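Shown next, in structure tokens, is the structure this report addresses.
Since the structure is predicted, the reported quantities are computational estimates derived from the model, not experimental observations. Just so it is clear: chains get the letters A, B, ... in the order the sequence lines come, proteins before strands, and each one is counted from 1.
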Amino acid sequence: MKVIEKSETKTTCYHCGEDVIEHHYHIEDKEFCCRGCQTVYEIINKSDLCSYYDLEHNPGINQKQEVRKGKFDFLDDVQIIQKLTHFQDDTHQHVIFYLPQMHCASCIWILEHLDKIDSGIIKSQVNFVKKEVTVIYNYHETSLKKVAEDLTIIGYEPHISLNDVSSSKIKKYDTTTIVKIGIAGFCFGNIMMLSFPEYFSLGKSDDIGLETWFSYLNLALSLPVFFYSASEFFVSGYKGLRQRFLNIDAPIALAVLITFGRSLYEILSGTGAGYLDSMSGIVFFMLIGRYFQNRTYQTISFDRDFKSYFPLGVSVINTDGIEKQISVSELKVGDRIKIHNDEIVPADAILFLGKATIDYSFVTGESLPVEKSIGEIVYAGGKQTSGAIELEVVKEVSQSYLTQLWNNEAFKENKEEVKASFIHRVSRYFTYALFSVAITAAIYWSINDSSKIWGAVTAVLIVACPCALLLSATFTNGNMIRILNKYKLYVKNASVIEQMSEIDTIVFDKTGTITEQGKSEISFQGAELSSNQSQLIRTLANQSNHPLSKSVVSFLPFTKMLLVKNYKEFKGFGTSATINEHFVKMGSSEFVLGKDAHQLVSGSRVYVSIDEEFVGYFIVKNAYREGLGNIVSSLGSQFDLKILSGDNASEEGFLKNIFGSKSEMLFEQKPEDKLNFIKYLQNHNKRVLMIGDGLNDAGALKQSDVGIAISDDTNNFSPACDAVLSGKNFTLLKELVNYCRRQKTIIFASFVLSILYNFIGLFFAVQGDLEPVIAAILMPISSISIVLLTTGLSSFYEIKLKKLNPDKSHY
Amino acid sequence: MSAIFIMIGASLLLAIGFLIAFIWSVRSNQYEDDYTPSVRMLFDNTTIQENKQETNNKTKKTK
Amino acid sequence: MELQKFQYDNKTVKMFAYATILWGLVGMLVGLIAAIQLYLPSANLNLPYTTFGRLRPLHTNAVIFAFVGNGIFMGVYYSLQRLLKARMFSDLLSKIHFWGWQLIIVLAALTLVLGKTTGKEYAELEWPIDILITLVWVVFGWNMFGTIIRRRERHLYVAIWFYIATFVTVAMLHIVNSIEIPVSFWKSYSWYAGVQDALVQWWYGHNAVAFFLTTPYLGLMYYFLPKIAQRPVYSYRLSIIHFWALIFLYIWAGPHHLLYTSVPDWAQSLGVVFSVMLIAPSWGGMINGLLTLRGAWDRVRDNVGLKFLVVAVTAYGMATFEGPMLSLKNVNAIAHYTDWIVAHVHVGALGWNGFMTFGILYWLIPRLFQTKLYSEKLANMHFWIGTLGIVLYAVPMYWAGFMQSSMWKDFTPEGQLKWQFMDTVTKMIPFYVARSVGGALFLVGAILMTYNLIKTIKVGTFLEIEEDQAPALVGEYQSHSKDHWHRWIERKPIQLMIVSLVVVAIGGLIEFVPVFLVKSNIPTIVSVKPYTPLELQGRDIYIREGCYTCHSQMVRPFRSETARYGEYSKAGEFVYDHPFQWGSKRTGPDLARLGGKYPDSWHYNHMMDPTSMSPGSVMPQYPWLLEDQLDANSTISKIKAMQRLGVPYPEGYDKIAIKDMETQAKEITANLKKDGIETLPDREIVALISYLQRLGKDIKSEGLKAQK
């Protein structure tokens with residue numbers, strides 16, 4: 001089979017940096033790849049914003065596919081405006097747009113100078129981390145629609161989806177944690193400082209006043225830590241107990257409580273200075289750990305449902321044939337809707353008028369569009385690719401074939417809560433052990449010196465709190481998440497790592513997952529085509545814009561087109577025409593050969609005959625990811641693999657010899673089927689990792705223990721899942737899973753280390769004489785060494801990944 | 001030692017003042033976006049070119 | 001909320017820039033002269049006004065508060081307006097601030113030269129100027145917070161936080177440290193005595209360095225470094241953490257300046273620990289600064305401004321590493337009182353502050369005057385000369401310091417001190433020469449810059465009106481006014497200011513409470529008595545002539561020191577010292593135990609011509625002390641002031657003080673007469689001698705048994 005390589009040219013587009021193929025777009029010395037890029041440049045130049053180009057080299061976004069005029073008409077709808085803008089007074093409206101294309105300093109520059117492009121805009125401010133721009137504009141001088149169009153013109157088409165209006169509240173970033181950390185850190189530092197006289201037990205020698213003064217100051221400082229910063233431990237510990245579940249926070253809360261209590265007693269009774277420094281210190285470190293662990297990748301949202309894909313507005317044609325923009329959520333059965341090119345069908349509907357070529361790649365991952373003829377049903381989520389069509393809605397948005405998936409109870413429950421992390425189990429044993437030690441100490445002293453009982457018991461509980469365990473867990477997870485991000489595996493939260501380390505079954509979705517999206521393989525079977533044969537075929541194929549024809553055109557070598565006579569197109573069968581006195585037919589075997597060739601062949605075939613003489617057929621199938629074979633075999637040794645595919649079994653054979661005969665394969669699976677299959681596996685206590693991409697996998701992804709969505713660019717959308725993996729790093733899958741398996745090892749290792757410290761502490765504790773100094777020294781040392789060990793180990797295990805990493809570009 | 005009390009008292013109060021400032025800055029989402037401001041500060045005001053001309057004109061007039 | 005047009009106030013920035021350059025030159029020149037006097041005492045032209053003891057405070061004040069101070073204001077006034085998209089709050093306040101600050105500088109220069117000084121390092125200025133400083137500082141703060149309130153940019157860039165910290169902290173430090181009782185218009189006594197005074201003074205001293213020479217310049221770094229390099233700071237998040245960590249830690253690090261002194265051990269250890277902890281935030285800043293230039297070193301090559309900044313940041317890194325090291329007790333035992341410390345501070349001053357300021361000027365002036373720099377070549381020359389200057393300055397000083405310290409500690413096998421103090425002095429001479437050369441080079445560089453910038457200004461046209469536009473913030477708040485915290489923002493800067501003022505006020509209040517309530521607990525030594533009126537007068541002369549700039553009064557508990565000077569100093573000895581005179585540098589020997597060591601006549605001759613008594617001495621001559629008449633009448637008010645500070649002079653002693661004074665003066669003149677020296681009892685020299693002869697005597701006589 002032959003490949004067509006792209007012609008290499010030196011010059012690149014001044015705007016977007018892409019290679020310039022046809023050299024007829026230029027202003028002065030500046031070359032552009034397309035009219036779009038040129039116009040953008042003209043606008044930017046006109047509003048003297050050219051430092052856009054000085055900040056970065058060709059920062060622009062390629063403009064090749066132009067956006068349809070009137071795409072944003074629905075933004076004139078009052079209700080939609082109401083929902084989208086988050087503030088309005090008599091002159092101004094504020095709106096926040098999500099701009100996935102934002103990528104560099106130049107973007108920030110241009111987006112913060114929108115007022116130069118549209119005088120109605122008063123202020124625009126970028127949040128680069130969230131890829132959002134907040135626009136304040138005077139809606140007497142301009143309009144929401146206009147703003148959206150302005151953005152589109154300069155190449156930043158805002159992504160407005162049904163989601164933006166349905167889930168009105170904007171995710172607020174959590175400030176309380178940071179405040180808690182800040183306060184704990186502050187108090188910790190100052191308490192430390194005020195405890196120095198105590199440590200060097202020099203306070204006394206200086207004067208009586210000083211020491212007491214300081215310990216009272218410490219007490220004051222510790223209050224916010226105890227009551228505010230540490231509160232979450234108490235709360236969750238209490239909750240746990242109420243659900244008859246001893247989680248790790250309970251013993252920690254206990255330890256904090258006792259430490260504080262004893263310190264309080266000592267200070268008020270003037271018998272000592274207490275352990276407030278250790279207490280605030282450990283709270284500080286634990287909070288940092290939690291924060292570090294919960295800092296997940298910001299720009300990816302993991303709980304997307306169909307709403308994020310569906311357009312906000314759709315044009316409805318009323319009885320008098322007048323087009324009107326309404327919000328998708330208002331669609332009713334029987335409505336006549338008009339879908340323009342590159343728009344998504346928001347609800348199941350029957351094709352009524354026009355030529356439908358629906359691209360279901362969003363839904364199934366299948367990149368080859370499907371043709372639909374009048375009267376056929378078009379499922380929601382499909383994207384029209386050949387001009388405008390009219391349809392009649394048969395199901396409301398929420399009831400559609402695709403969207404009703406979200407009514408499944410799988411989407412009700414929340415994974416994390418169901419499965420308790422092993423950390424909690426461990427901490428439980430730890431706690432029991434701890435109590436026994438405390439009790440023994442108590443008994444021992446009650447026999448020998450009853451005055452020391454309380455000292456000893458409290459000290460034991462203070463020293464040996466499972467906070468070390470929490471620290472090791474949080475810091476390990478935090479660092480692992482960070483490293484996984486580096487390899488473009490973006491996990492939703494830390495518990496995913498643990499789930500990942502327990503899986504034994506991997507289920508693949510076929511199209512878009514193990515095949516690469518938007519890439520098709522074409523080959524010709526039959527006698528070598530002569531140059532004029534291929535010229536004839538190419539000419540015919542060029543007449544239709546059926547995706548198969550298109551790929552045939554792109555496959556055959558370039559020739560000039562010939563004159564075509566009586567061209568006919570038979571929907572769903574093929575095309576025929578007379579060219580240079582030759583009668584050329586191409587299409588299904590039934591159409592070309594008259595007989596139906598055996599079905600279930602891999603990929604779609606295009607048969608060709610010239611003058612009723614069969615010359616051969618093209619095979620068009622979607623390309624499997626490179627290195628699929630290797631991974632599958634290496635994975636197979638470790639897990640049992642299964643395939644769930646939405647489309648026909650045509651490629652079963654091919655897949656068998658990659659995946660081996662033993663691995664189960666199911667085809668023509670509806671979204672529910674996929675979900676139920678996962679359930680079934682789980683009922684046979686398998687721990688399932690589902691890997692899919694399309695919306696139709698959403699159910700399965702949700703149901704599985706770990707659902708990974710493959711996505712070929714991370715800005716693109718992926719359905720609800722636990723993790724997003726960049727298609728580029730698909731080959732790393734095995735290593736990534738194994739890396740997650742290290743988690744427990746690391747946590748235990750550092751935990752063991754911390755226990756050593758606990759023993760030292762206990763040694764003093766049981767004797768009932770724990771000097772605050774010792775506590776104050778042990779606490780930070782153990783905490784810090786734990787942090788170092790965990791980060792060290794987790795980076796150490798990264799090495800293997802490093803070796804295999806295909807793309808070095810770290811985001 | 002009185003001086004110690006003075007210094008610690010003052011230092012502590014000052015520190016608390018800053019703690020409050022810290023809490024404010026976090027609560028008011030000052031740090032919600034911890035990247036863009038570092039880029040924004042690089043941008044010079046765009047109206048400057050016109051001014052140049054103005055001032056030049058002015059200087060001419062004065063001459 | 002419409003788009004608002006406004007103009008930046010470039011005039012004030014320009015004026016501060018000019019002031020920076022002018023005072024920079026002055027400060028460096030004075031420094032050079034002082035440096036020369038260390039090996040050529042006669043360079044003081046035998047004038048009291050130009051003698052080292054008076055020039056050195058002038059030098060430090062000029063460089064810190066005039067050069068760096070104006071530099072800070074220049075940078076703040078430029079960056080603040082642009083970061084907040086607002087003109088400075090009030091042009092009037094800006095004017096008052098500028099001229100007020102220049103007035104302070106001029107007054108400082110005059111009074112210091114005339115010997116009007118409190119005798120507390122880096123806080124030498126007398127009380128009227130202290131008050132003036134407070135006022136002008138408040139004006140600065142008012143202007144700054146006003147601008148913050150009126151800002152059009154919601155986010156406060158990290159630099160601004162550094163400015164705020166500077167304002168608030170310096171205000172507090174200045175107030176706490178300058179509590180003093182006026183005796184006359186140009187004379188006051190510190191409220192605190194001895195050890196306490198020392199503690200407060202060095203708590204101030206350290207933090208003055210921290211919050212006047214460091215935080216504001218870090219702010220400037222975070223603005224000008226990215227600006228000049230045209231790329232965002234390496235990690236903005238890190239810079240935020242950097243600020244808060246620094247702010248929560250820095251304030252505690254004071255006491256390490258008093259290691260091995262009579263300050264309580266735990267306070268010392270405290271200083272050490274926190275100083276060491278400080279490495280983290282300091283280096284956080286340095287790394288952030290340097291990494292900003294990663295992959296852009298080509299720009300450094302052809303942008304002279306950046307060159308200066310790079311060296312500055314590196315110097316900052318070195319100084320902030322060395323600082324904590326110096327605060328380690330064993331290192332400090334070697335470095336303290338020697339030129340090592342001088343080297344340390346000059347790496348900071350010349351490298352960090354000096355070069356940062358130069359770098360900013362080279363970028364700012366051409367911008368303000370809408371033209372190119374007159375000569376890149378000259379600027380590069382300045383860069384290399386300056387760098388060479390720093391090296392030539394620092395290296396000999398480190399060497400000298402280390403050498404001198406080890407000589408002080410040398411013992412012969414027989415257990416005798418190996419070196420006379422004078423030996424250690426003469427050994428220093430070549431290093432002092434080298435140092436002054438380094439300083440001279442640095443000054444030459446600065447002169448080149450001045451010429452270069454003047455030329456630049458000549459060709460350019462000053463950008464009087466620089467317009468910008470931005471919408472007011474108010475609208476935005478209304479927009480969210482449903483959420484509770486947004487209201488905060490509006491009122492916040494005010495609250496911030498109130499908070500800081502309250503803090504300062506209470507800081508001041510806390511002041512008095514203990515002074516009245518808490519009974520000072522320094523182990524009182526029965527034998528330690530208040531100074532006699534004459535001694536008190538002598539002490540004030542000692543302070544006036546800035547003897548503390550070369551002589552310490554603190555024998556540390558080392559064999560080498562007790563062997564050389566005698567019994568180590570006890571906290572109890574200083575209870576009547578307002579202010580303390582421990583000093584920080586031993587160009588000359590320690591004087592804590594000088595009393596009774598030599599006859600009165602020795603001191604007389606020594607003051608007339610030091611070399612006559614100790615050949616090779618680099619101490620200047622003080623002929624005027626022999627002629628000038630002592631102002632006896634001031635005694636009464638001085639005694640009264642001391643009484644108010646709790647010095648136990650008997651009730652109504654001020655009445656008879658002058659009589660006592662005359663009798664004691666007569667005794668001394670009698671003594672001198674015995675050695676054939678004729679002098680009148682009302683000469684300053686007499687008073688000085690009486691003080692010198694008193695030093696450390698009290699506990700010599702009665703042992704330490706009295707100590708509890």
Fill in: Gap between atom NE2 of C:H155 and atom CE of B:M41 - 0.5 Å precision
10.5 Å
Item to complete: Under the salt bridge (charged side-chain N to carboxylate O under 4.0 Å, His left out) rule, collect the residues that match up with C:R82, sequence neighbours excluded.
Response: C:E466
Worksheet item: Can you find a pair of side-chain heavy atoms, one from C:R237 and one from B:Y35, that are under 4.5 Å apart?
Response: no
Worksheet item: If you round to the nearest 0.5 Å, how far is CG of B:L42 from CD of C:Q230?
Response: 5.5 Å
Practice prompt. Report the residues that fulfil ring-ring contact (aromatic ring centres under 6.0 Å, His included) with C:Y222, sequence neighbours left out, ordered by chain and then residue number.
Written response: C:F162, C:H242
Worksheet item: Distance from B:S38 atom OG to C:I240 atom CD1, nearest 0.5 Å?
Response: 9.0 Å
Worksheet entry | Non-hydrogen side-chain atoms of B:N29 and C:R154 separated by less than 4.5 Å | yes
Worksheet, complete the sentence: One should read off an interatomic distance between C:W161 CH2 and B:Q30 CD, to the nearest 0.5 angstrom, of 6.5 Å
Discussion item. Please classify the contact between C:A159 and chain B as side chain, backbone, both or neither, with a heavy-atom cut-off of under 4.5 Å.
Written reply: neither
Discussion item. Could you report the tightest heavy-atom contact between B:A21 and C:W244, atom names first, then the distance?
Written reply: C-CH2, 3.9 Å
